[in-house]
Chemist: 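This is the structure I have questions about; it appears just below.
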Number of protein chains: 2
Amino acid sequence: MMDLPLEGITVLEFSQYLSGPSAGLRLADLGARVIKIERPIHGEAGRKLSIKNLWVDESSLLFHTINRNKESFAADLKNPDDIALVKQLITRADVLIHNFRPGVMKKIGLDYAAAADINPRLIYAEITGYGKDGPWREKPGQDLLLQSITGLAFTTGNFTNGPVPFGIAIADILCGSQLVQGIIAALIRRNKKGVGALVEISLMESLLDFQFELLTTYYNSRQQPKRSHTNSGHTLLGAPYGVYKTADGYIALAMMDIGVLAETIECTALYGFTNDHAFAQRDHIKALLAAHLLTQPAQHWLQRLQQRGLWAMEVFDWEKMMAHDSYRALQMEQTLKAEGKQIITTRCPIRINGRRLFSDRPAPKVGEHTEKLIREMNEVIVNKEPHAFRRYTGN
Amino acid sequence: MMDLPLEGITVLEFSQYLSGPSAGLRLADLGARVIKIERPIHGEAGRKLSIKNLWVDESSLLFHTINRNKESFAADLKNPDDIALVKQLITRADVLIHNFRPGVMKKIGLDYAAAADINPRLIYAEITGYGKDGPWREKPGQDLLLQSITGLAFTTGNFTNGPVPFGIAIADILCGSQLVQGIIAALIRRNKKGVGALVEISLMESLLDFQFELLTTYYNSRQQPKRSHTNSGHTLLGAPYGVYKTADGYIALAMMDIGVLAETIECTALYGFTNDHAFAQRDHIKALLAAHLLTQPAQHWLQRLQQRGLWAMEVFDWEKMMAHDSYRALQMEQTLKAEGKQIITTRCPIRINGRRLFSDRPAPKVGEHTEKLIREMNEVIVNKEPHAFRRYTGN
């Protein structure tokens with residue numbers, strides 16, 4: 001069995017909800033040992049965040065989804081004895097992640113300066129909502145709020161819809177993903193130079209980076225791109241780019257030549273339009289096209305479009321997607337084994353040497369690994385092995 | 001000046017448009033030397049992809065945005081002499097990225113087996129649209145099409161809107177981001193074990209991973225979550241989560257107690273509703289709330305909500321966001337210097353040891369660095385220095 005790329009790396013996760021824990025999840029997927037540091041009894045706040053009232057044990061299905069394949073160390077960060085144990089863990093860890101609001105880690109004596117003091121090789125990674133300066137630094141770093149103040153909600157939906165937020169926690173997920181990049185890159189540098197690092201990111205910077213194409217256009221033209229009035233797909237792309245209703249379902253049309261499109265689907269109303277009109281007359285073209293596509297079912301159009309090599313696909317919901325062989329071929333599902341229950345969830349999307357990265361460990365119970373970790377640390381002291389964590393091989 | 005974490009790493013980028021080049025961009029941001037391998041004269045197809053007809057030189061503003069801080073090596077991959085040079089580059093590189101359709105790299109003799117044969121330490125990273133198996137493997141790997149077939153378009157907008165695609169190339173950007181994770185993780189393993197790796201990802205797997213919370217809920221309940229009829233924010237969250245119109249603008253309301261909300265904004269129509277109704281009567285509560293919030297301007301509501309500690313923010317477009325001190329405090333903009341022109345764009349969102357990662361190098365011209373790279377390779381041969389690329393220090 002091939003070694004996973006991050007085997008031997010120990011991560012302490014002082015995180016709650018989605019952004020920090022999703023970073024920890026990816027590091028675990030890639031082979032790191034990830035230890036959640038949680039308050040005793042209740043654990044991190046995300047354990048009680050349920051959707052559709054789906055529970056696995058005393059923690060929600062949602063929590064298991066984000067925190068599978070991790071361990072849990074219970075510590076009361078207001079208790080000096082617990083802080084002392086946590087510091088022992090930090091001494092032996094490679095990475096620390098937190099997504100507390102600015103100032104919280106300093107107050108409990110675990111800010112970067114303090115942590116680097118006891119472990120100069122530590123990669124200390126922190127997520128804030130809005131950065132640590134600026135007037136919003138104390139505001140709640142919540143996904144919808146970040147979408148709302150970064151202009152993102154004006155990129156999606158039709159012009160007449162008003163702002164349309166993304167229905168997925170895009171700020172949390174992107175920010176977690178970028179934090180992972182920073183952490184692993186800092187580990188590379190540590191391998192070479194022996195130094196730790198402070199890696200910082202904010203939900204706001206993540207969403208600005210996400211809009212880099214649009215913002216660069218705006219910086220250099222000072223014109224806010226406008227969504228089309230109908231069938232909006234991307235503010236910077238001309239007709240027909242968008243999703244269209246047919247007689248029996250929806251189809252997506254990506255970039256394509258307007259003249260070829262008109263001919264292929266015999267849309268006489270569009271005859272005479274060329275790509276020169278694709279942006280200037282975007283909304284008019286889209287409206288004509290939308291009316292025409294309503295007259296026949298999706299497969300009628302898709303056959304003609306795809307035969308001509310035009311970029312068009314059906315629009316699926318999950319039921320239809322999961323029934324398709326292309327979904328099955330990916331083997332994207334995996335099953336976690338939690339106390340007699342089975343939880344089906346997605347796997348890590350990255351493959352290494354053709355291997356899909358599966359793991360069937362569910363999320364830990366609060367403090368499930370506290371004693372074991374203390375025992376491990378004691379062994380380290382007895383045997384004077386500074387890197388005992390690195391020898392860890394299983395649950 | 002602190003070393004950037006990936007300094008000394010050389011990346012060959014056989015990529016076009018957004019997914020592959022955005023991965024290369026992040027690696028360059030983090031300090032890697034990224035060399036685009038492009039066909040002579042025209043270069044990669046993305047050079048001619050312009051938005052709003054904004055051009056910097058013979059390449060579009062969009063291209064510069066995605067390909068700043070890289071070098072360019074021109075090679076005709078159908079010409080054996082050029083292939084021989086490219087193989088010399090591969091011998092000396094650490095990472096190779098491509099996003100060609102399945103089979104293309106094999107046809108030109110540069111698939112993973114061939115590349116690993118000449119450089120067993122190479123990290124070979126590839127992006128496909130739909131994976132390399134399954135009936136869609138030859139379909140165009142285009143962002144909107146991927147959004148459409150993965151169910152993503154049913155997560156956003158209101159129930160009555162039909163499918164609503166995200167107005168940003170989410171599949172490309174996420175996939176590029178995850179590829180970077182896989183690449184750097186594989187570099188860590190190479191440092192330890194001396195072995196290269198094949199890292200694979202597809203746009204489809206990236207978008208499935210992106211929906212991991214929603215899909216896990218669906219896998220385990222088999223109920224497709226429904227968007228609310230009005231003010232939709234997240235299908236799995238109850239009222240009031242969403243964006244609301246006021247007398248003079250929009251505000252975002254995240255999770256909050258319905259009773260406390262009703263009292264704070266004196267919404268008598270909502271008196272008697274509690275959090276127990278937040279999901280079961282989501283659409284009804286949202287409609288009552290939407291009507292009430294129309295009666296006063298945004299600041300009226302925000303003052304009351306924020307004073308009470310409820311999670312609410314204004315909804316900004318970019319003009320308003322950029323006028324705000326919180327945006328300025330991030331210093332997210334940077335200026336590229338291209339032939340007398342200045343291009344303002346965003347920087348990398350990750351900070352290392354408090355340092356923001358800026359770079360003022362614009363995208364290269366096609367083949368701008370071909371001769372220099374050939375010279376460097378010749379010096380390597382003469383001096384028998386296998387890692388001459390690692391000594392590279394500037395433009």
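Atoms considered below: every heavy atom in the structure, side chains included; atoms not considered: hydrogens, waters and symmetry mates. By convention in this document, chain letters (A, B, ...) are assigned in the order of the sequence lines, proteins followed by strands, and residues within each chain are numbered from 1. Every value quoted in this text rests on a predicted model; they were computed, and no experiment measured them.
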Chemist: Quick check for you: among A:N191, A:V243, A:L208, which has the greatest number of heavy-atom pairs under 4.5 Å with chain B?
Modeler: A:L208
Chemist: Could you check if a side-chain atom of B:I149 sits within less than 4.5 angstrom of a side-chain atom of A:V315, using non-hydrogen atoms only?
Modeler: no
Chemist: Can you tell if the side chain of B:T346 reaches within under 4.5 Å of the side chain of A:Q211, non-hydrogen atoms only?
Modeler: no
Chemist: Counting only heavy atoms closer than 4.5 Å, note whether A:L49 contacts chain B via side chain, backbone, both or neither.
Modeler: neither
Chemist: So what's closer than 4.5 Å to chain B heavy atoms on A:A312: side chain, backbone, both or neither?
Modeler: backbone
Chemist: Measure B:K245 against the heavy atoms of chain A and call it side chain, backbone, both or neither at under 4.5 Å.
Modeler: neither
Chemist: Select one option (side chain, backbone, both, neither) describing which atoms of A:L146 are under 4.5 Å from chain B's heavy atoms.
Modeler: neither
Chemist: Please report the shortest heavy-atom distance between B:A252 and A:L145, naming the atom on each side.
Modeler: O-CD2, 3.8 Å
Chemist: Is a side-chain N or O of B:N220 found less than 3.5 angstrom from the main chain of A:I344, in a donor-acceptor match?
Modeler: yes
Chemist: Can you tell me which portion of A:H64 sits under 4.5 Å from chain B's heavy atoms? Options are side chain, backbone, both or neither.
Modeler: neither
Chemist: Could you give the distance from NE2 (A:H324) to CH2 (B:W136), rounded to the nearest 0.5 Å?
Modeler: 4.0 Å
Chemist: Can A:D209 and B:R26 be counted as an ion pair, charged N to O under 4.0 angstrom?
Modeler: yes
Chemist: Check whether A:K139 gets within reach of chain B through its side chain, its backbone, both or neither, counting any heavy atom under 4.5 Å.
Modeler: side chain
Chemist: Using 0.5 Å steps for rounding, measure from the CG atom of A:L4 to the CZ atom of B:R189.
Modeler: 8.5 Å
Chemist: Classify the ring geometry between B:F166 and A:F166 as parallel (under 30°), tilted (30 to 60°) or perpendicular (over 60°).
Modeler: tilted
Chemist: With a 4.5 Å cut-off on heavy-atom pairs, point out which of A:C348, A:G238, A:G233, A:S22 contacts chain B the most.
Modeler: A:G233
Chemist: Where on B:Q306 is there a heavy atom nearer than 4.5 Å to chain A: the side chain, the backbone, both, or neither?
Modeler: side chain
Chemist: Heavy-atom pairs under 4.5 Å with chain B - which of A:Y130, A:F210, A:Y112 has more of them than the others?
Modeler: A:F210
Chemist: Given that the side chain runs from C-beta out, which part of A:R222 has a heavy atom under 4.5 Å from chain B: side chain, backbone, both or neither?
Modeler: side chain
Chemist: Heavy-atom distance under 4.5 Å to chain B: side chain of A:F154, backbone, both or neither?
Modeler: side chain
Chemist: Determine the option with the most heavy-atom pairs under 4.5 angstrom with chain B, choosing from A:P140, A:A169, A:G131.
Modeler: A:P140
Chemist: Quick one: what part of A:I183 sits under 4.5 Å from any heavy atom of chain B, side chain, backbone, both or neither?
Modeler: neither
Chemist: Which heavy atom of B:S326 sits nearest to which heavy atom of A:G134, and what is that distance?
Modeler: OG-C, 4.3 Å
Chemist: What part of B:S232 gets closer than 4.5 Å to chain A, counting heavy atoms only: side chain, backbone, both or neither?
Modeler: backbone
Chemist: Tell me yes or no: between the side chains of A:S177 and B:Q178, is some donor less than 3.5 Å from an acceptor?
Modeler: no
Chemist: Against chain B, label A:L25 side chain, backbone, both or neither, depending on which of its atoms sit under 4.5 Å from a heavy atom there.
Modeler: side chain
Chemist: I'd like to know which of B:D325, B:I168, B:L27 tops the heavy-atom pair count under 4.5 Å against chain A.
Modeler: B:I168
Chemist: Check each atom of A:I184 against the heavy atoms of chain B and say whether the ones under 4.5 Å are side chain, backbone, both or neither.
Modeler: both
Chemist: Among A:E200, A:E205, A:E126, exactly one meets side chain to side chain donor-acceptor pair (under 3.5 Å) together with B:R351. Which residue is that?
Modeler: A:E205
Chemist: For the candidates A:N161, A:L30, A:I66, A:N158, which exhibits the highest count of non-hydrogen atom pairs separated by less than 4.5 Å from chain B?
Modeler: A:I66
Chemist: So which part of A:K193 gets closer than 4.5 Å to some heavy atom of chain B, the side chain, the backbone, both or neither?
Modeler: side chain
Chemist: For a side chain to side chain contact (heavy atoms under 4.5 Å, CB included) check, start with the C-alpha distance between B:F212 and A:T65, then their side-chain angles and the critical distance, and finish with the verdict.
Modeler: CA-CA 8 Å; B:F212 76 127; A:T65 304; 3.5 Å; yes
Chemist: At a heavy-atom separation under 4.5 Å, does B:I173 approach chain A through its side chain, its backbone, both, or neither?
Modeler: side chain
Chemist: How close do A:Y327 and B:M204 get, heavy atom to heavy atom, and via which atoms?
Modeler: CA-CE, 3.9 Å
Chemist: Where on B:I251 is there a heavy atom nearer than 4.5 Å to chain A: the side chain, the backbone, both, or neither?
Modeler: neither
Chemist: I'd like to know which of A:G309, A:A186, A:A329, A:P163 tops the heavy-atom pair count under 4.5 Å against chain B.
Modeler: A:P163
Chemist: Between B:M255 and A:Q142, is any pair of side-chain heavy atoms under 4.5 Å apart?
Modeler: yes
Chemist: Minimum heavy-atom separation for B:P349 and A:I201, please, with both atom names.
Modeler: O-CG1, 3.6 Å
Chemist: Is it the backbone or the side chain of A:A185 that comes under 4.5 Å from a heavy atom of chain B, or both, or neither?
Modeler: both
Chemist: Please state whether the side chain, the backbone, both or neither of A:V164 comes within less than 4.5 Å of a heavy atom of chain B.
Modeler: side chain
Chemist: Under 4.5 Å heavy-atom distance to chain B, tell me which part of A:D317 shows up: side chain, backbone, both or neither.
Modeler: both
Chemist: I'd like to know if the side chain of B:K320 and the backbone of A:G151 have a donor-acceptor N/O pair within less than 3.5 Å.
Modeler: no
Chemist: Which heavy atom in A:P5 sits nearest to a heavy atom in B:I188, and how many Å separate them?
Modeler: O-CG2, 3.8 Å
Chemist: Hey, does the side chain of B:S148 reach the backbone of A:E314 with a donor-acceptor pair shorter than 3.5 angstrom?
Modeler: no
Chemist: For the interface with chain A, which of B:Q181, B:H234, B:M321 has the highest count of heavy-atom pairs at distances below 4.5 Å?
Modeler: B:Q181
Chemist: Is the backbone N or O of A:L198 less than 3.5 Å from a side-chain atom of B:N353, with the two atoms forming a donor-acceptor pair by type?
Modeler: yes
Chemist: Which heavy-atom pair separates B:W318 from A:P225 by the least distance, and what is that distance?
Modeler: CZ3-CD, 3.2 Å
Chemist: What's the spacing between A:L179 CG and B:I350 CD1 if we round to 0.5 Å?
Modeler: 7.5 Å
